[in-house]
Amino acid sequence: MITALTRKDILGTKELSVEEIELVLQTAESFIEVSTREIKKVPTLRGKLVINLFFEASTRTRTSFEIAGKRLGADTINIAASTSSVVKGETLIDTARNLEAMNPDVIVIRHSAAGAPHLLAKRLKASIINAGDGAHEHPTQALLDLMTMKEKKGRIAGLKVAIVGDIAHSRVARSNVYALKKMGAQVVVAGPATMLPRDFGQIMGIPVYSQMEEAIKDADVIMMLRIQLEREKQSIFPSLREYAQRFCLTESKVRLAKEDVLIMHPGPMNRGIEISPEVADGPYSVILDQVTNGVAIRMALLYLLAGGARDV
Ligand code: CP
């Protein structure tokens, strides 16, 4: 078991080793308790500077990175592209170099372009955390998903995890497939053909279904994905109603899975389109547990990258 991360940046789960994933999960588990204290703060990253640089909208990821930094005692600054000099035409790299001149320890970036965090990682001394780059990766989401599965099921290896919906646009799906496979889970995906990249199954080495019922049969975990209407260049299904008829997770479809199935969704949800309100708020849903664990995972990553004291 390793006790430290030697890498500078967290750009994707594709490049993380099993040992690194285990270290992040174990560190996050140790941070859960901090968030339950009356004074939810430890001085571990006192004097460190974390900048959250978000070029796309976010509720969960941006807020949880800010909370994570503050709970560890770091100074955290949030920059939204819409209120920055990006609107005056400043380039990504110029923005990042100007921020680096203020000596941050970690820059968390979300950007619509795949590879934007990788560009900063190459050019800057600060550690870079990918908070979602286009349809490429969202590694911190996958790590909090794994943490939630491990917390609820006691293991990840051997679980059947069905990921359903808009696979083509989903950085969450990609990061989860990489991480879950490494940790020994059996991953399957389902979605309409127009939302499944050609050769996705072959490239990722997993079964692909066009009927969600086949994918979720006997599943331990069902992860529903949001239809990303904002990323669609053209209509890829005739109507939301037709999509919902085939791919909305309803109570009757849940009964095809194992009787102790976990229902997950990264959020934000389109209620009634990919998941029914009864399922989203029902007894098998761990959607809000995912959000809670998101703070702990982000605390772990900031701690491991920014070199906090080891005695938490
Ligand atoms: N899951 C997720 O990334 O949510 P936000 O877009 O609200 O950050």
Side-chain angles (χ1 to χ4, degrees), residues 7-16 24 49-69 74 76-145 166-179 195 197 225-233 266-268 291 294-295 297-298 301-302 305-306:
R7 64 178 62 248
K8 175 172 93 62
D9 313 291
I10 299 291
L11 301 177
T13 55
K14 189 175 183 183
E15 66 255 20
L16 291 181
V24 173
L49 175 58
V50 178
I51 296 181
N52 292 324
L53 179 58
F54 277 63
F55 290 84
E56 282 190 330
S58 169
T59 297
R60 284 145 286 266
T61 313
R62 195 200 60 72
T63 310
S64 61
F65 264 114
E66 181 177 0
I67 293 170
T76 59
I77 305 294
N78 298 311
I79 301 173
S82 58
T83 54
S84 73
S85 289
V86 168
V87 294
K88 300 176 197 161
E90 190 165 53
T91 64
L92 169 63
I93 202 69
D94 277 337
T95 300
R97 288 180 66 209
N98 278 272
L99 295 176
E100 173 124 298
M102 298 176 221
N103 211 13
D105 296 282
V106 180
I107 296 178
V108 179
I109 176 171
R110 170 171 286 190
H111 200 285
S112 59
H118 306 68
L119 178 68
L120 298 201
K122 271 199 203 115
R123 300 283 290 271
L124 305 185
K125 287 199 299 293
S127 288
I128 305 297
I129 301 180
N130 180 1
D133 61 327
H136 180 222
E137 279 230 38
H138 192 351
T140 66
Q141 177 69 43
L143 290 165
L144 74 87
D145 291 338
D166 188 357
I167 307 288
H169 296 100
S170 181
R171 52 199 180 201
V172 174
R174 230 168 290 276
S175 287
N176 262 295
V177 174
Y178 290 133
M195 291 183 181
L225 300 174
R226 180 174 72 89
I227 294 188
Q228 301 194 25
L229 297 164
E230 75 276 18
R231 291 194 205 282
E232 283 173 19
K233 302 281 183 288
V291 178
V295 175
I297 282 290
R298 284 146 186 151
L301 291 171
L302 293 177
L305 290 182

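We're numbering straight along the sequence, starting at 1. Owing to the predicted nature of the structure, the values given are computational and were not obtained by experimental measurement.
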Would you call [X] and [Y] a side-chain contact if the rule is heavy atoms closer than 4.5 Å?
X	Y	result
P266	R226	no
L119	L92	yes
L301	V24	yes
R60	P268	yes
R298	T61	yes

Roughly how far apart are [X] [atom1] and [Y] [atom2], rounded to 0.5 Å?
X	Y	atom1	atom2	result
K122	D9	NZ	CG	11.0 Å
H138	T140	NE2	OG1	5.0 Å
F65	L302	CZ	CG	6.0 Å
L120	H111	CG	NE2	8.5 Å
L143	I10	CG	CD1	7.5 Å

How far apart are the closest heavy atoms of [X] and [Y], and which atoms are they?
X	Y	value
S64	V295	CB-CG2, 3.9 Å
R174	H136	CD-O, 3.0 Å
A306	V106	CB-CG2, 4.1 Å

Side chain to side chain contact (heavy atoms under 4.5 Å, CB included) partners for T95, two or more places apart:
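In terms of side chain to side chain contact (heavy atoms under 4.5 Å, CB included), with neighbours along the sequence ignored, T95 is linked to L53, V86, E90, L99.
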
Inspect the contact between R171 and E56 and indicate whether a charged nitrogen and a carboxylate oxygen are less than 4.0 angstrom apart.
yes

Excluding sequence neighbours, so at least two apart, what forms ring-ring contact (aromatic ring centres under 6.0 Å, His included) with Y178?
none

From L225, I227, I167, residue fulfilling side chain to side chain contact (heavy atoms under 4.5 Å, CB included) relative to M195:
I227

Residues 123-132 side chain polar contacts: donor-acceptor under 3.5 Å, at least two apart:
from : atom 1 : to   : atom 2 : distance (Å)
S127 : OG     : K8   : O      : 2.7
N130 : OD1    : G132 : N      : 2.7
N130 : OD1    : D133 : N      : 3.3
N130 : ND2    : L11  : O      : 2.9
N130 : ND2    : D133 : OD1    : 2.8

Please tell me whether E137 and T13 have a donor and an acceptor in their side chains that are separated by less than 3.5 angstrom.
yes

E66 side chain to N78 side chain, donor-acceptor N/O pair below 3.5 angstrom:
yes

Verify, without hydrogens or angle tests, whether [X] (side chain) and [Y] (backbone) share a donor-acceptor contact under 3.5 angstrom.
X	Y	value
T83	A80	yes
D166	Q228	yes
T91	D94	yes

Evaluate the side-chain contact (heavy atoms from CB on, under 4.5 Å) criterion for residues N52 and I77: first the C-alpha distance (whole Å), next the side-chain angles of each, then the deciding distance (0.1 Å), finally the verdict.
CA-CA 6 Å; N52 292 324; I77 305 294; over 6 Å; no

side-chain contact (heavy atoms from CB on, under 4.5 Å) between N103 and L49, worked out
CA-CA 8 Å; N103 211 13; L49 175 58; 5.8 Å; no

Atom CZ of R7: over 12 foreign heavy atoms under 6.0 Å
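Enclosed: over 12 neighbouring heavy atoms sit under 6.0 Å from CZ of R7.
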
Check whether F54 forms a cation-pi arrangement with R110 (NZ or CZ under 6.0 Å from the six-membered ring centre, at most 45° off the ring normal).
no

